[in-house]
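Structure first, commentary second.
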Amino acid sequence: MKLPGVSEFSWRDVATEARLLLIGIPVFLWTMIPIYHMFLFAISPKEDAFSGKLWPDHPTLHNFEIVFKQQHYFLRDFYAQFWNSLVIAAAVGVLTLIIATAAAFSISRLKVPGGRTVLNLALFTYFIPAAFLAVPMYRTMGNYGLLNNHWSLILAMVTIASPYAIWVLKQASDKLPVELDEAAVMDGATTLQIFRLVYLPLMMPSLVAIGTYAVLLAWNEYLYAFLLLSNDREITLPVALGNFLAADDSPWELLMTTGFIYALPPAAVYYAFRRYMVGGLTAGAVKS
């Protein structure tokens with residue numbers, strides 16, 4: 001007899017949970033072990049960095065002090081490079097949102113002529129790997145005198161991020177009821193009012209997801225930043241981290257400490273908006 005409030009035992013549920021655990025635990029370990037090793041290097045003295053132990057004999061925060069006080073040759077512009085990364089990532093996120101939102105609204109809601117062609121051309125750009133476009137992008141920026149200028153990297157990353165952003169926002173926009181636009185028009189709303197008062201609030205989850213995607217893409221970029229920026233005070237922190245490897249005796253403990261610090265902001269952004277990332281980026285995966 002089944003007792004009230006007690007669910008029926010199911011071997012199928014147990015098997016499902018077991019399969020999830022068998023998949024989830026290795027994935028979790030695969031993800032966390034490199035992060036743990038990075039943290040291990042960060043709290044280890046130089047002489048213990050390669051000891052191979054699961055925990056250093058004498059853990060220390062001295063490496064963090066060296067980084068924050070810029071007490072090493074490779075860290076003399078740490079704050080300037082961190083600020084460069086922050087400004088470039090924020091600018092890429094804002095510009096990508098503006099371009100993608102306007103394009104998706106025009107194609108999906110205003111039905112502008114040629115909108116479908118623009119969308120297809122945007123998707124076509126992903127047939128060419130971004131790495132193959134690095135040299136043409138370098139030459140283009142050189143022709144316009146933008147080399148070693150933050151705008152060169154910002155424009156390059158917006159170019160890479162916008163096609164995918166337009167596609168995701170267009171698919172999510174297609175799911176919004178057309179009746180909302182028609183009702184707003186009946187009430188005398190202009191196109192800009194529909195965009196501002198109807199479209200943007202309903203698209204907010206997808207907008208947050210796309211903005212986060214663009215920011216993280218620019219934050220982690222290395223190849224384009226390496227090619228387009230060269231001055232030590234203009235480069236981003238990922239490029240500066242690569243300079244650590246140029247030394248004969250690379251300070252691995254400082255490299256990992258700086259990398260660990262640099263990884264904290266995107267991790268915080270992702271976990272702050274993770275529910276938007278999952279819902280927003282999959283909003284247009286299956287068209288209803």
Side-chain angles (χ1 to χ4, degrees), residues 83-108 115-141 144 146-147 149-174 199-200 203-229 234-239 262-263 265-285:
W83 176 253
N84 294 338
S85 297
L86 184 64
V87 170
I88 290 171
V92 170
V94 171
L95 288 177
T96 300
L97 275 179
I98 293 173
I99 294 171
T101 305
F105 180 75
S106 301
I107 296 171
S108 177
R116 176 63 63 176
T117 302
V118 171
L119 184 64
N120 291 335
L121 288 175
L123 290 178
F124 179 76
T125 60
Y126 280 97
F127 283 94
I128 305 174
F132 289 1
L133 300 175
V135 174
M137 190 74 72
Y138 175 86
R139 183 168 183 177
T140 300
M141 295 302 174
Y144 286 99
L146 292 174
L147 289 179
N149 186 304
H150 288 170
W151 278 108
S152 62
L153 183 56
I154 292 171
L155 294 175
M157 297 312 301
V158 169
T159 302
I160 294 172
S162 291
Y164 176 70
I166 293 172
W167 181 80
V168 170
L169 292 183
K170 193 271 180 185
Q171 299 302 319
S173 180
D174 286 344
Y199 184 76
L200 290 181
M203 289 288 291
M204 193 55 65
S206 294
L207 295 178
V208 173
I210 285 300
T212 305
Y213 156 77
V215 166
L216 296 183
L217 182 70
W219 183 266
N220 295 315
E221 178 58 31
Y222 175 82
L223 176 60
Y224 281 85
F226 177 78
L227 288 176
L228 300 176
L229 304 175
E234 299 296 332
I235 62 176
T236 57
L237 201 53
V239 178
Y262 190 68
V269 170
Y270 175 78
Y271 280 104
F273 299 111
R274 63 187 182 279
R275 62 190 183 99
Y276 292 107
M277 290 290 290
V278 174
L281 292 177
T282 58

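When reading the values below, keep in mind they use all heavy atoms of this one structure, side chains included, and skip hydrogens, waters and symmetry mates.
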Practice prompt. Starting from the C-alpha separation in whole Å, work towards a yes-or-no answer on side chain to side chain contact (heavy atoms under 4.5 Å, CB included) for I107 and R116.
Written response: CA-CA 7 Å; I107 296 171; R116 176 63 63 176; 5.9 Å; no
In terms of heavy-atom contacts, does OH of Y222 have more than 12 from other residues, nucleotides or ligands at under 6.0 Å?
-> yes
query = Do the side chain of N84 and the main chain of I235 share a donor and acceptor less than 3.5 angstrom apart?
reply = yes
Scanning both residues in full, the closest heavy-atom pair of L155 with M141 reads CB-CE, 3.9 Å
Check your understanding: Any sub-3.5 Å donor-acceptor pair from S85's side-chain atoms to L237's backbone N or O?
Key -> yes
One should read off an interatomic distance between L147 CG and R139 CZ, to the nearest 0.5 angstrom, of 12.0 Å
Rounded to the nearest 0.5 angstrom, the CZ-OH distance for F226 and Y138 is 10.5 Å
In short, I154 meets A91 closest at the heavy-atom pair CD1-CB, 3.7 Å
query: Hey, does I88 have a side-chain heavy atom less than 4.5 Å from the side chain of L229?
result: yes
Would V92 and V215 satisfy side chain to side chain contact (heavy atoms under 4.5 Å, CB included), going step by step from the backbone distance to the final call?
-> CA-CA 6 Å; V92 170; V215 166; over 6 Å; no
On a heavy-atom basis, the closest approach of A104 and K170 is CB-N, 3.6 Å
So CD1 of I210 and OG1 of T101: to nearest 0.5 Å the spacing works out to 8.5 Å
Y199 and L169 have their tightest heavy-atom pair at OH-O, 4.2 Å
Taking every heavy atom of L97 against every heavy atom of L207, the minimum-distance pair comes out as CD2-O, 3.3 Å
- Determine, stepwise, if the pair V239 / T236 fulfils side chain to side chain contact (heavy atoms under 4.5 Å, CB included). CA-CA 6 Å; V239 178; T236 57; 3.8 Å; yes
Between the OH atom in Y224 and the CE atom in M157, the distance rounded to the nearest 0.5 Å is 8.0 Å
I'd like to know if the side chain of S152 reaches the main chain of N149, judged simply by a donor and an acceptor atom lying under 3.5 Å from each other, with no hydrogens or angles considered. yes
Donor-acceptor pair, Q171 side chain versus S173 backbone, under 3.5 Å? no
Do the rings of W219 and Y262 sit parallel, tilted or perpendicular, given the 30° and 60° boundaries?
parallel
Taking every heavy atom of L216 against every heavy atom of P266, the minimum-distance pair comes out as CD2-CB, 3.4 Å
Distance col, row L228:CG vs W151:CH2, nearest 0.5 angstrom, shows 14.5 Å
Between L217 and the options I160, T212, V158, T96, the side-chain contact (heavy atoms from CB on, under 4.5 Å) test singles out I160
